[in-house]
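Right, one structure below, let's go through it.
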Amino acid sequence: MTGTAPVPFTADDYKARMERAARQAAEAGLAGLLVAPGPDMVWLTGYTPPADTERLTLLVLAPGREPELVVPALEAPDAGRATGAPALTLRDWTDGKDPYALTAALLDDRGRFGVSDNAWALHLLALQRTLPDASYVALTEALPMLRAVKDAAELERLAAAGAAADAAFEEIRTVRFSGRRESEVAADLAALLRRFGHSQVDFTIVASGPNGANPHHEAGDRRIERGDMVVLDFGGLKDGYGSDTSRTVHVGEPTDEERRVHDLVREAQEAGFRAVRPGAACQDVDRAARRVIADAGYGEYFIHRTGHGIGVTTHEPPYMIEGEEQPLVPGMCFSVEPGVYLPGRFGVRIEDIVTVTEDGGRRLNDTERELVTVD
């Protein structure tokens, strides 16, 4: 069961994204953007270069100019078949030629450029040598909201990814936990995500008992026991867009304290969700969730931000964290995931992906938030 295939993105969709990116670059005072292979290039062009290539591949976006893709000649045919290729000019280069000189000819030699966060230092340093009077800034720093506001087609894909993750949770809660290793349950989760349409599984955290106090615990060889709280945090990509959800289950009947802490986190998660509305600052979501936990005396045990953006990657701007004053805009998608982590004992986290609507927020995860017991 994988659901209906989404409506494909078109060349016009990618053209509009590249135009928007160039416009935002100009508004930020940049001479242009230099986009290396990675999620930004996929989102802007539909082209996914070979992951392990050391040859320079670079999308150049500049205000008032057509987009240009510097690409190795041997990879140019694949680049030319990308959905966004009709909106691009390909500038191919062959081995033995200088791709940096080719790229420099497309740039303002004294300009300031936004550069993909994942650009290779090898390539950026070579460009700096070729254009010593140009300067560069990380794209996330210069244009943190570039991919943050999703259109209707993107929201549809994110909703489908969330529904697939929910289906995986409904299945995993029926399997046996007690006596099995965390890694075995994690493998079950990964298989379920793939069964429900994920092409890529990014993480399957299964953190039992005291391991639950580590938010990024890697599922290991610990055998899950009756009486354990178990934090489940899992997600990946379905049709190019991310899922990420967390639920905390209990093996057998919980103690009064375990139930109380779980109820507290659920209340904090609800408060964070209620704070989502257009015009509110990202930090308002964090404050709303954190206040509930702090007021109950557990503030020191909530040790991470309340949320992160999601789209073509499972973690991206915006971030729901103190000090982030970026206002929420309809179409933004991010997690709301408060937690309490008691060292050496247990942890609790509840996470939904939320999108900002015209008058509030909408959850993209709908599984039970009450404490679920498993065998």
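For the single chain, residues carry numbers from 1 onward in sequence order.
Remark: side-chain polar atoms of T255 are paired, donor with acceptor, to backbone N or O of E258 under 3.5 angstrom. Not one N or O on the side chain of R91 forms a donor-acceptor pair closer than 3.5 Å with the backbone of E68. Within the 3.5 Å criterion, the main-chain N or O of G323 finds a donor-acceptor partner in the side chain of Q283. Within the 3.5 Å criterion, the main-chain N or O of A36 finds a donor-acceptor partner in the side chain of S116. Not a single donor-acceptor pair under 3.5 Å links the side chain of E141 to the backbone N or O of A138. In this structure a side-chain-to-backbone donor-acceptor pair under 3.5 Å is missing from D92 to A76. Side chain of R176 to backbone of S178: a donor-acceptor contact under 3.5 angstrom is found. Here the side chain of R157 pairs no donor or acceptor atom with the backbone of G240 at under 3.5 angstrom. Using modelled atom types, no side-chain atom of E170 and backbone atom of A167 make a donor-acceptor pair closer than 3.5 Å. Counting only distance, with no hydrogens or angles, the side chain of E316 and the backbone of A148 share no donor-acceptor pair below 3.5 Å.
Within the 4.5 Å cutoff, the side chain of V231 has no heavy atoms near those of the H217 side chain. By the 4.5 Å heavy-atom criterion applied to side chains, Y319 and Q326 are not counted as neighbours. Using a 4.5 Å cut-off on side-chain heavy atoms (C-beta onward), R147 and T313 make contact. Between P50 and E75 there is a side-chain heavy-atom pair separated by less than 4.5 Å. Side chains of F203 and T314 form a contact here, defined as non-hydrogen atoms less than 4.5 Å apart. Here the side chains of V312 and V42 are not in contact, with every heavy-atom distance at 4.5 Å or above. Two residues are said to be in side-chain contact when any heavy atoms from C-beta on lie closer than 4.5 Å; L88 and T45 meet this criterion. In this structure, R266 and L371 have side chains that are not in contact, with every pair of non-hydrogen atoms separated by 4.5 Å or more.
Using a 4.0 Å cut-off between charged side-chain N and carboxylate O, D286 and R305 make no salt bridge. A salt bridge is absent between E156 and K150; no separation between the charged side-chain nitrogens and carboxylate oxygens falls under 4.0 Å. A salt bridge between E270 and R369 is absent, with no side-chain N of the basic residue lying under 4.0 Å from a carboxylate O of the acidic one. The pair E19-R23 does not meet the salt-bridge criterion, since no charged nitrogen lies less than 4.0 angstrom from a carboxylate oxygen.
Hydrophobic clustering, with ILVMFWY side chains joined whenever heavy atoms are under 4.5 angstrom apart, keeps I353 apart from V276. Note on I224: it clusters hydrophobically with V175, by side-chain heavy-atom contacts below 4.5 Å among ILVMFWY residues. Cluster membership for F113 and L124, using ILVMFWY side-chain heavy atoms within less than 4.5 angstrom, is shared. There is no path of hydrophobic side-chain contacts, each under 4.5 Å, that joins L127 to L125. Neither L58 nor Y47 shares a network with the other; the hydrophobic side chains, linked directly or stepwise wherever heavy atoms of I, L, V, M, F, W or Y lie under 4.5 Å apart, form separate groups for each.
The only member of D352, D366, D233 that meets salt bridge (Lys or Arg N to Asp or Glu O under 4.0 Å) when paired with R247 is D352.
In this structure, CD in E351 is found 11.0 Å from OG1 in T306, a value given to the nearest 0.5 Å. The structure places OG of S243 at 12.5 Å from CZ of F196, a figure rounded to the nearest 0.5 Å. Separating the NZ atom in K238 from the CG atom in L193 is a distance of 11.5 Å, to the nearest 0.5 Å. Distance check, rounded to the nearest 0.5 Å: CG of D40 to CG of L34 gives 11.5 Å.
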**Message:** Run the side-chain contact (heavy atoms from CB on, under 4.5 Å) test on V137 and R112 for me, step by step, so that the C-alpha distance in whole Å, both residues' side-chain angles and the decisive distance to 0.1 Å come before the verdict.
**Reply:** CA-CA 7 Å; V137 61; R112 181 170 174 80; 3.5 Å; yes
**Prompt:** Hey, mind stepping through R20 and D151 against salt bridge (Lys or Arg N to Asp or Glu O under 4.0 Å) and telling me if it holds?
**Reply:** CA-CA 13 Å; R20 188 209 313 175; D151 62 25; 5.7 Å; no
**Request:** For side-chain contact (heavy atoms from CB on, under 4.5 Å), just list the numbers for L69 and M41, CA-CA rounded to whole Å, side-chain angles, deciding distance to a tenth of an Å, and then say yes or no.
**Result:** CA-CA 10 Å; L69 181 65; M41 183 173 287; 3.9 Å; yes
**Prompt:** Step by step, would you call R181 with V206 a side-chain contact (heavy atoms from CB on, under 4.5 Å)?
**Reply:** CA-CA 9 Å; R181 299 185 191 278; V206 178; over 6 Å; no
**Message:** If you apply the rule side-chain contact (heavy atoms from CB on, under 4.5 Å), what do you find for L106 with V70, and how did you get there?
**Reply:** CA-CA 10 Å; L106 308 177; V70 176; 3.8 Å; yes
**Item:** Steps toward side-chain hydrogen bond (donor to acceptor under 3.5 Å, both in side chains) verdict (Q128, Y136)
**Value:** CA-CA 9 Å; Q128 287 179 321; Y136 308 91; over 6 Å; no
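In the displayed structure, D78 atom CG is contacted under 6.0 Å by more than 12 heavy atoms of other residues, nucleotides or ligands. The local environment of OH in Y301 is sparse, with at most 12 non-hydrogen atoms from other residues, nucleotides or ligands closer than 6.0 Å. Atom CZ of R223 is surrounded by more than 12 heavy atoms from other residues, nucleotides or ligands within 6.0 Å. Sparse packing is recorded around CG of D256, with 12 or fewer heavy atoms of other residues, nucleotides or ligands lying under 6.0 Å away. Heavy-atom neighbours of R277 CZ from other residues, nucleotides or ligands within 6.0 Å: at or below the threshold of 12. For CD of E368, the number of neighbouring non-hydrogen atoms (other residues, nucleotides, ligands) closer than 6.0 Å is greater than 12.
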Per-pair distances, 0.1 Å, donor-acceptor, side chain in residues 337-344, under 3.5 Å, sequence neighbours excluded:
from, atom 1, to, atom 2, distance (Å)
E337, OE2, H308, NE2, 3.1
E337, OE2, S335, OG, 2.8
Y341, OH, H304, NE2, 2.6
Y341, OH, R349, NH1, 2.8

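Taking both residues in full, the closest heavy atoms of L328 and C282 are given as CD2-SG, 3.8 Å, listed atom of the first, atom of the second, then distance. A21 and L44 make their closest contact through CB-CD2, 3.9 Å (heavy atoms, listed as atom of the first residue, atom of the second, distance). In plain terms, the two heavy atoms of G279 and P327 that are nearest each other are O-CB, 4.1 Å. Nearest heavy atom pair, residue A280 against residue A275, reads CB-O, 3.8 Å. Looking at every heavy atom in both residues, P72 comes nearest to L56 through CD-O, 3.4 Å. Scanning all heavy atoms of the two residues, the minimum distance from L139 to D117 falls at N-OD1, 3.3 Å.
Using the six-membered ring where Trp is involved, Y100 and H123 have ring planes that are tilted, between 30° and 60° apart.
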